[in-house]
Amino acid sequence: TRCHLDSAKDLRAGAHEKLERFENLTPILEEMFHVQQDLLEKIFKRFYSGTTGRKAGTLANLKAILRRTNVNGTVKTTNGYEPHKDFASIVTRMMIVELIQERLNILPRTS
């Protein structure tokens with residue numbers, strides 16, 4: 001972390017060479033939220049199209065089946081991140097379960 005780096009630089013301040021003083025190291029600050037938001041936006045730009053709602057298996061079709069009206073493909077809007085994140089999480093889990101059922105020849109539960 002940044003605190004550890006600053007502490008290490010302070011401890012090594014009296015060293016004779018630049019490398020020993022860690023002068024070549026600078027902290028890189030990147031908030032995880034923004035990284036996750038960027039990734040989610042890229043996923044939706046690549047795989048989501050609002051015009052494919054009737055085509056089985058598309059994200060727009062799954063959105064309609066799950067009745068997620070607040071998912072519209074624009075992640076970086078006010079109150080846009082959480083609904084898209086939840087939808088992506090549900091769809092991912094659903095696909096993993098379906099893949100496991102298919103590989104193990106397990107019949108899906110019917111309600």
Asks: Between T52 and A60, what is the shortest heavy-atom contact and its length?
Replies: OG1-CB, 3.7 Å

Asks: Could you check whether any side-chain heavy atom of K63 comes within less than 4.5 Å of a side-chain heavy atom of T58, counting everything from C-beta outward?
Replies: no

Asks: Mind checking whether V75 and H84 have side chains closer than 4.5 Å, heavy atoms only?
Replies: yes

Asks: Could you pull out all residues at least two apart from I43 that satisfy side-chain contact (heavy atoms from CB on, under 4.5 Å)?
Replies: L39, F47

Asks: If you count the non-hydrogen atoms of other residues, nucleotides and ligands that lie under 6.0 Å from CD in E102, is the total more than 12?
Replies: no

Asks: Hey, what else clusters with I100 if you join Ile, Leu, Val, Met, Phe, Trp, Tyr whenever side-chain heavy atoms sit under 4.5 Å?
Replies: I96, L104, I106

Asks: Can you name the residues that form a side-chain contact (heavy atoms from CB on, under 4.5 Å) with L99, not counting sequence neighbours?
Replies: R103

Asks: So, does T92 use its side chain to make a donor-acceptor pair with the main chain of A88 at under 3.5 Å?
Replies: yes

Asks: Measuring only between side-chain heavy atoms, which start at C-beta, is R68 closer than 4.5 Å to I90?
Replies: yes

Asks: Kindly write out the residues that satisfy side-chain contact (heavy atoms from CB on, under 4.5 Å) with K76, not counting sequence neighbours, or none if the list is empty.
Replies: Q37, D38, E41

Asks: Once side-chain hydrogen bond (donor to acceptor under 3.5 Å, both in side chains) is applied, do any residues pair with Q36, and if so which ones, sequence neighbours excluded?
Replies: Y81

Asks: Please answer whether the main-chain N or O of P83 pairs with a side-chain N or O of N70 as donor and acceptor at a distance below 3.5 Å.
Replies: no

Asks: Through direct or indirect side-chain contacts below 4.5 angstrom among Ile, Leu, Val, Met, Phe, Trp and Tyr, which residues connect to L107?
Replies: none

